[in-house]
Every structure is written in C-alpha cells, then in structure tokens.
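Proteins come first, then strands; the chains are lettered A, B, ... in the order of their sequence lines, and each starts at number 1. Excluded from the calculations below are hydrogen atoms, water molecules and symmetry mates; all remaining heavy atoms, backbone and side chain alike, are included.
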There are 2 protein chains.
Amino acid sequence: MKKHQVTIIDIAKNLGISKSTVSRALTNNPNVSAETRKAVLEMAKSLDYQPNMLALSLIKNETRLLGVIIPDIQKPFFAAIVSGIQHAVGRMGYRTIIAQSDESPQIEKENIQALMLSRVDGFLICHTRDTRNFDHVKTLYQKGFPLVSFARICQELPIPKVVEDDFNGLYTTTQHLIETGRRRIALLAGPKHMRASKLRQQGYMAALRQNGITYDQDLVEHTRFLPEHVTSAVHKWLALPKPPDAICTIYDAGGIQIIQLLKNKGIRIPEDIAVAGFGNDPVASLVEPGLTTFEQRPYEIGLIAGKQMLDTLKKKFTDMPPEITISQGKLIVRSST
Amino acid sequence: MKKHQVTIIDIAKNLGISKSTVSRALTNNPNVSAETRKAVLEMAKSLDYQPNMLALSLIKNETRLLGVIIPDIQKPFFAAIVSGIQHAVGRMGYRTIIAQSDESPQIEKENIQALMLSRVDGFLICHTRDTRNFDHVKTLYQKGFPLVSFARICQELPIPKVVEDDFNGLYTTTQHLIETGRRRIALLAGPKHMRASKLRQQGYMAALRQNGITYDQDLVEHTRFLPEHVTSAVHKWLALPKPPDAICTIYDAGGIQIIQLLKNKGIRIPEDIAVAGFGNDPVASLVEPGLTTFEQRPYEIGLIAGKQMLDTLKKKFTDMPPEITISQGKLIVRSST
DNA sequence: TATTCTTTTGGGAACATTCCCACAACCGTT
DNA sequence: AACGGTTGTGGGAATGTTCCCAAAAGAATA
C-alpha cells in the first residue's frame with residue numbers, strides 16, 4: 001500500500017552522485033555545475049520527488065504552522081476572524097491549525113498543550129468567556145512562543161493584542177438612544193470579569209453621565225451569553241414599576257433574541273422599546289425590524305492579528321512592548337431604534 | 001532567545017544512562033526497572049521535558065494532521081461542517097489544517113499541493129462551485145492519501161463521499177408547494193455542471209411530473225450563487241406574461257435575497273408568491289416572513305465525514321468500494337409558503 | 001612546470017526519536 | 001559448576017534533509 005517515498009538519496013543513486021550535490025541542486029545553491037543541476041532537476045521530475053518538510057522542520061525547528069485557539073468556529077464573528085488570519089499569514093507560507101475550545105477553559109488549556117507538542121511556530125488566542133486563569137498562556141510565553149491575543153484578550157502579558165472598539169461602541173450607541181429621546185436605557189452585559197464587557201459597560205455609563213441620566217443598577221443585567229439569561233433579564237425588566245424604553249446589548253445575538261421576545265409579547269419596536277446590538281453580525285440586517293448595531297469588522301481584526309503574528313515571528317518586537325490595537329467601528333442605525 | 005530544547009539525551013546524561021533506556025521509560029516499554037523509570041520520570045519533570053513530535057512524525061511518516069479544503073469558512077454551512085469534522089477526529093488525536101479556496105479552483109489546487117508537502121495524513125475536500133477538473137485529487141489518490149469528499153463531491157474516484165439530501169430535498173419542497181395550491185413554481189438552481197444542483201433540479205422536476213404539471217423551461221434559472229444572478233432571475237420571472245406563484249431555490253441565501261427583493265416591490269409573501277429555500281441556515285428563521293426550507297445538518301455531515309476519514313486511516317476500506325452517504329433532512333415549514 | 005586559486009564534489013554530523021540487536025547480570029535448574 | 005532463561009541496559013541504525021569541512025579537479029598565474 002504505502003510505497004517507499006522518493007528521497008534525495010534515490011536521486012543521488014540513480015545519477016551516481018552524492019546526496020549533498022542533489023541537495024545543493026535542489027536548493028538553488030550556487031556551488032553546483034549547470035549540467036549537474038539540470039540532470040538532478042530532470043531526475044527529480046521523472047521520479048516525482050516531493051521534498052519531506054518534516055525533515056526540514058526537524059532541522060530548522062520550525063513548522064510554518066500557527067495555532068489558532070477560538071471558542072467556536074460556528075459563530076460568524078470567529079469565522080470571519082479566522083478567515084482574516086488565514087489570508088494575512090497565508091501569503092508568507094504559514095498554515096493555521098484551528099482548535100475550538102467550545103467555551104471550556106479546560107479544553108482551551110488542553111488544545112494549547114497539544115499544539116505546543118506539535119511544535120507550532122506561534123499562537124493566536126481568543127479565550128473562552130470563562131477563562132480567568134492564564135497560567136497556560138504564561139507557560140507559552142516563558143517558553144518563547146510568539147503570541148498574539150485577540151478579542152477576548154489576556155492582559156497579563158506584554159504581547160500584541162487586537163480588540164474591538166468596546167468603550168466607544170457602547171458610548172456611541174447609548175448616545176444615539178439618548179438623542180432619539182430615550183431615558184430609561186437598559187443594558188444587557190456579559191460576564192462581570194470579562195474585559196470587553198466591562199469596557200462596553202463603561203462606555204454606556206459614560207454616555208448616561210454626560211447626558212445627566214442617573215445610572216440605575218436595576219437596568220443592567222449580566223449574562224454568560226446564554227439564551228436563558230437573556231429571557232430572564234427581559235422578564236425582570238418588564239416587571240419593573242418603570243420598565244425601560246430602550247435596551248442595548250453588548251452582542252447582536254442577544255439583541256436579536258430580545259427583538260423576538262418583545263415581538264411575541266406584542267411590544268412594539270422601537271415605539272415602546274428600542275433595541276440595539278453590537279457587532280453587526282450578518283443576521284442583524286435580516287431581522288424585522290433591522291437591528292441598530294455598532295459595526296465591528298472581525299475579518300479586519302483577523303488580518304491585523306495575523307500581521308502582528310508575522311511581525312512577532314520576524315522578531316520585530318524585541319524591545320518595545322507591543323501595544324494594544326483597537327479595530328475601529330461605526331454605528332449602523334436601522335429600524336429597531 | 002531560543003534556548004536549547006530539552007531532549008531525552010539531556011535526561012540520559014543527567015542520570016548517566018543511555019538514551020535508549022530513557023526512551024523506554026518514557027514510552028511505557030516494560031523492559032525497564034521500576035527504579036530507573038521513576039528516576040527518568042522525575043528528571044523529565046524537573047527539566048520540563050517536552051517530547052518532539054516532529055522527530056516522531058519523521059520516523060513514523062505520520063503527522064496526525066488532516067487537511068480540510070473548503071471554499072469559505074465564513075459560510076455557516078462550511079463552518080458547521082468544519083466543527084463536525086474537528087469534533088469527530090479530535091477524539092482520536094487528529095488536528096485539522098483548514099484551507100480556504102475562496103471558490104477559486106486554482107487556489108484549491110495550490111492548497112492541496114501545499115498540504116501534501118506538509119505531509120498531512122489525509123484530506124477532506126469540498127470543491128469550489130467551479131471545479132470541473134479533478135486531476136489534483138486523482139494525483140492525491142494515486143499517491144495513496146486517504147481521501148473523503150463531502151458536499152460538493154468528486155465523483156470520479158472510489159472514495160467515501162458525504163452529501164446532502166439533494167433529490168429528496170427539492171422533491172419534498174416542491175411537493176409541499178403543490179399541496180398548498182401552487183402551480184407555476186420557479187426554480188433558482190446552481191451551476192449546470194454541479195452535481196448537487198442537477199440532483200435538486202431532478203427532485204423538483206419529479207414532483208412536478210408526479211402531479212401532472214408540465215415543466216416550463218422559462219421558470220428555471222441557473223446561478224453561480226452570486227446576488228446579481230438572483231436579481232436578474234427574479235426580474236426575468238416577474239416580467240413573464242404568466243409570472244410564477246412560487247419560487248423555490250436550492251440555497252437559503254438565494255431564498256432570503258428573493259424575499260427582500262419581493263418585499264421591496266410590494267409583492268406579498270406568501271399570498272402573491274411563496275418562497276422556499278434549502279439548507280435551514282441560521283438566518284432562515286430570522287427573516288420576515290420566516291423562510292420555509294429543507295433542513296440540512298452540516299454539523300452532522302462533518303461528523304460523518306470525519307468518521308469516514310478515521311475509518312479510511314484505519315484501512316477499513318481495503319476492498320469494498322466506499323459508498324456515498326446521504327445525510328437525511330426534513331422540510332421546515334415557515335410563513336413564506 | 002610548479003603554485004595558487006576557484007569551482008565542484010563527497011563524507012559525515014546534526015536534528016530527536018524509536019527500534020532492533022547484542023550483551024551483561026542475575027536467577028533457577030540440573 | 002555448567003547451562004538456559006529472563007531482565008535490564010547500551011550501541012547503533014534509521015527517518016530525510018541541510019550544512020560544514022575537506023578534498024579533488026580544473027583553471028589561471030608565476
């Protein structure tokens with residue numbers, strides 16, 4: 001079944017020369033006579049020789065493979081980032097191994113350890129919503145692996161980071177809601193410990209403060225991005241003596257679910273309650289009414305992250321501590337507000 | 001920067017024993033005394049030894065890496081398949097390198113050649129919508145690479161194939177439209193040479209025939225899945241002396257676009273024209289009206305394809321020619337029909 | 001013709017690991 | 001005491017490649 005693979009030694013034997021000479025001919029080394037090179041190239045072609053990258057990797061200790069750790073490839077946001085990363089690093093001959101953590105910190109850790117053993121040349125990591133311990137990434141850092149952190153970043157290491165326009169996104173969205181006459185604006189946030197959620201909430205609070213609206217703790221709910229959390233948050237808000245006249249969320253899927261819930265209850269959007277999201281997922285424009293949302297460009301985030309990885313691999317960042325890069329976004333107003 | 005990596009030779013030197021013995025202790029080979037094994041394990045731990053999979057791969061000529069070739073990871077259909085594949089093969093310690101062809105047959109070919117050089121252990125391939133020449137896959141087959149073809153399959157090789165419920169899907173959908181009183185049913189198909197498109201069209205035609213409806217060539221349009229093709233098809237149909245009272249498509253994105261187009265023209269759905277899709281993309285339930293569609297389970301397709309790959313790797317299919325597997329679907333009726 | 005310089009080639013180490021073979025040490029049996 | 005068996009260990013080949021060093025062959029100079 002599996003026949004002997006053709007090696008440079010086979011070429012050498014067939015031509016009665018040494019493997020060193022064959023290697024030179026194949027690698028464009030100048031120290032070969034023109035006729036020898038020609039003979040080697042022809043023989044390589046006729047034997048259908050394929051270089052064995054494994055042997056090369058072993059010598060150079062470089063695989064040209066990058067590990068990409070994401071929670072879930074089925075989320076359009078992550079799929080777009082992966083696409084961006086691949087297009088950025090593919091030009092330089094790097095391939096990516098995608099590993100999904102399924103939002104489990106344990107699996108995230110296992111994936112990283114497995115890819116470390118596979119000797120990938122670097123890691124691009126987006127943590128699970130529950131990752132709070134970063135020891136596994138610190139180990140990577142100590143071992144000298146090039147690292148780039150994106151979206152849900154690790155702040156405890158001096159590595160390149162690419163994030164969304166968190167603060168500004170919710171600041172702008174909240175500002176827009178206030179400008180359209182809303183005063184009791186609820187916020188569907190994420191896990192309390194999560195950096196992006198905290199920043200987005202700060203943007204929301206800053207807009208309220210700037211417009212002289214007092215912050216009402218009852219109008220802010222924290223979720224772990226699960227549908228049941230959204231349902232209970234909405235029910236809680238609707239049961240308030242003074243229910244909100246607008247709800248903004250830190251993620252589109254939550255906004256879309258809220259639209260469905262409110263429609264089912266016969267509540268008019270945006271007349272009774274306005275709804276806004278974050279991210280501009282492909283679905284945001286398809287729901288009825290269209291979801292007002294702060295656009296993010298995940299593909300661009302991937303491109304930037306990939307670029308940063310290439311720079312790190314070229315050791316451009318030997319001294320200067322790598323900065324955090326914010327991918328700008330903009331508000332897209334649709335009929336939900 | 002990059003310090004010397006710890007090898008079994010370092011362990012051997014530190015303990016004053018040979019590398020063979022260290023190797024045995026580390027691989028649970030029985031021919032080591034209990035005390036030696038203990039000493040080796042402790043030393044390995046204290047030196048933070050990490051086995052080098054590259055060397056192992058070189059010896060065994062096996063990387064535990066699989067190449068997955070898809071057109072576009074940003075399409076939910078392919079993202080779900082990838083997820084299924086990963087979960088199926090991950091259990092057996094296989095990792096996947098995802099390569100996107102961006103619907104370009106040329107890039108598809110280049111990706112396959114690059115991954116071949118990287119010595120992946122097998123390929124799971126979904127071709128571009130324009131791939132008609134399969135020489136690159138035949139080369140792979142001749143070289144003995146395990147192959148699995150899914151969704152847009154290559155029919156010219158005796159390899160495992162996993163496909164959607166093509167014929168039945170459009171047969172059932174068309175049948176449903178007829179049962180709800182439709183008589184002039186248009187079909188938005190795909191490229192003429194594409195197997196899935198042909199089969200789906202056959203399902204559509206079979207349902208018409210069985211109900212005594214004569215096939216009208218004017219009601220069938222072929223697209224390359226681009227939005228502009230959809231627009232011109234719809235315009236053409238609406239300009240007919242007797243426009244259709246239903247439109248079914250072989251992909252959800254087309255159906256959704258048609259819904260938008262008709263709504264913009266003030267045409268009522270489903271009263272004036274009913275619309276049906278294929279695939280049950282996540283968005284199908286979110287548009288208004290909800291898109292009736294024939295559900296496919298891409299995650300399941302991925303699981304099956306991954307399973308078939310594992311079987312092929314275990315050489316289960318030495319003799320029997322591998323069959324084509326059809327992932328069953330079912331009609332989901334929503335308010336667009 | 002001898003000497004130096006350049007070009008081309010071959011031999012072997014190195015990368016990290018496993019596996020086969022040989023040998024030593026120890027044990028029990030005759 | 002000699003023999004056969006088991007158990008633990010070391011040495012070296014093998015995987016496919018590159019790279020360094022030495023040497024051979026050829027060309028150019030004195």
Side-chain angles (χ1 to χ4, degrees), chain A residues 2-41 43-44 47-65 93 116-121 143-144, chain B residues 2-41 43-44 47-65 93 116-121 143-144:
Chain A
K2 201 163 246 175
K3 37 204 141 179
H4 170 71
Q5 78 176 296
V6 179
T7 73
I8 55 168
I9 299 182
D10 296 317
I11 300 178
K13 276 186 190 156
N14 276 356
L15 291 169
I17 59 177
S18 77
K19 61 180 164 51
S20 312
T21 307
V22 175
S23 170
R24 270 186 291 260
L26 256 21
T27 52
N28 287 328
N29 186 310
N31 296 330
V32 202
S33 70
E35 47 189 341
T36 309
R37 160 161 297 136
K38 188 162 164 277
V40 169
L41 258 31
M43 183 58 72
L47 293 180
D48 190 25
Y49 165 76
Q50 309 280 142
N52 190 328
M53 293 307 184
L54 253 38
L56 233 173
S57 290
L58 182 60
I59 294 174
K60 298 206 174 170
N61 202 26
E62 163 194 279
T63 54
R64 301 240 133 200
L65 247 31
M116 191 175 68
L117 290 188
S118 299
R119 290 286 200 284
V120 294
D121 289 348
K143 287 188 191 289
Chain B
K2 199 163 251 176
K3 37 204 137 176
H4 170 71
Q5 75 177 299
V6 179
T7 73
I8 54 168
I9 298 182
D10 296 318
I11 300 178
K13 275 185 189 155
N14 277 354
L15 292 169
I17 58 178
S18 77
K19 62 178 164 48
S20 312
T21 307
V22 175
S23 171
R24 270 186 290 261
L26 256 21
T27 52
N28 288 326
N29 186 310
N31 295 332
V32 202
S33 68
E35 47 191 340
T36 309
R37 161 160 297 136
K38 187 161 165 277
V40 168
L41 258 32
M43 183 58 71
L47 293 180
D48 189 24
Y49 165 76
Q50 309 280 142
N52 190 329
M53 293 307 184
L54 252 39
L56 234 173
S57 290
L58 181 60
I59 294 175
K60 298 205 175 171
N61 203 24
E62 164 195 279
T63 54
R64 300 239 134 200
L65 247 32
M116 191 175 67
L117 289 189
S118 298
R119 289 288 200 286
V120 295
D121 289 347
K143 286 189 191 290

May I have the distance from A:M53 (atom CE) to D:dT18 (atom C1'), rounded to whole angstrom? 13 Å
Give the first and the last nucleotide of DNA chain C, reading 5' to 3', that has any atom under 4.0 Å from a heavy atom of chain A. C:dT8 to C:dA16
Rounded to the nearest Å, what distance is computed from the CD1 atom of residue B:I59 to the C1' atom of nucleotide D:dA13? 11 Å
I'd like to know if the side chain of A:N14 and the backbone of A:I11 have a donor-acceptor N/O pair within less than 3.5 Å. no
To the nearest angstrom, the CD1-P distance between A:I9 and D:dT15 comes to 7 Å
Criterion side chain to side chain contact (heavy atoms under 4.5 Å, CB included) on B:V22 and B:M43, from CA distance to verdict: CA-CA 10 Å; B:V22 175; B:M43 183 58 71; over 6 Å; no
What's the CG-C1' distance between A:D10 and D:dG16, to the nearest Å? 11 Å
Closest to the B:T36 side chain: D:dG16, D:dC19, D:dT9? D:dT9
Rounded to whole angstrom units, what separation is found between the CD1 atom of A:I8 and the P atom of D:dT15? 12 Å
In residues 22-35 of chain A, which residues come under 4.0 Å of DNA chain D by heavy atom? A:S23, A:R24, A:T27
Indicate the atoms forming the closest heavy-atom contact of A:R37 with A:A25, along with that distance. NE-O, 3.5 Å
Looking across every strand, which nucleic acid part, if any, lies under 4.0 Å from B:I17 by heavy atom: base, sugar-phosphate, or nothing? sugar-phosphate
By the 4.0 Å heavy-atom rule, please label B:S57 as base, sugar-phosphate, or nothing. nothing
Looking only at side-chain N and O atoms, does A:S23 offer a donor or acceptor that is under 3.5 Å from a partner on A:S20? no
Could you check how far CG of B:L58 sits from P of D:dA13, rounded to whole Å? 17 Å
Atom CG of A:N61 to atom P of D:dG16: distance rounded to whole Å? 20 Å
Under 3.5 Å, is there an N or O donor on one side and an acceptor on the other linking the side chain of B:K19 and the base of D:dG11? no
Side chain proximity check, B:L26 to B:L41, heavy atoms < 4.5 angstrom: yes
When you measure only distances, ignoring hydrogens and angles, does the side chain of B:T21 come within 3.5 Å of the base of D:dG10 through a donor and an acceptor? no
Given side chain to side chain contact (heavy atoms under 4.5 Å, CB included), test B:L56 with B:I59 step by step and report yes or no. CA-CA 5 Å; B:L56 234 173; B:I59 294 175; 5.5 Å; no
Donor-acceptor pair, side chain of B:D121 and main chain of B:R64, under 3.5 angstrom: yes
Minimum heavy-atom distance between B:K19 and B:I9, given as atom pair plus value: CD-CG1, 4.1 Å
Contact summary for B:V120 and B:T63, nearest pair of heavy atoms: CA-OG1, 3.6 Å
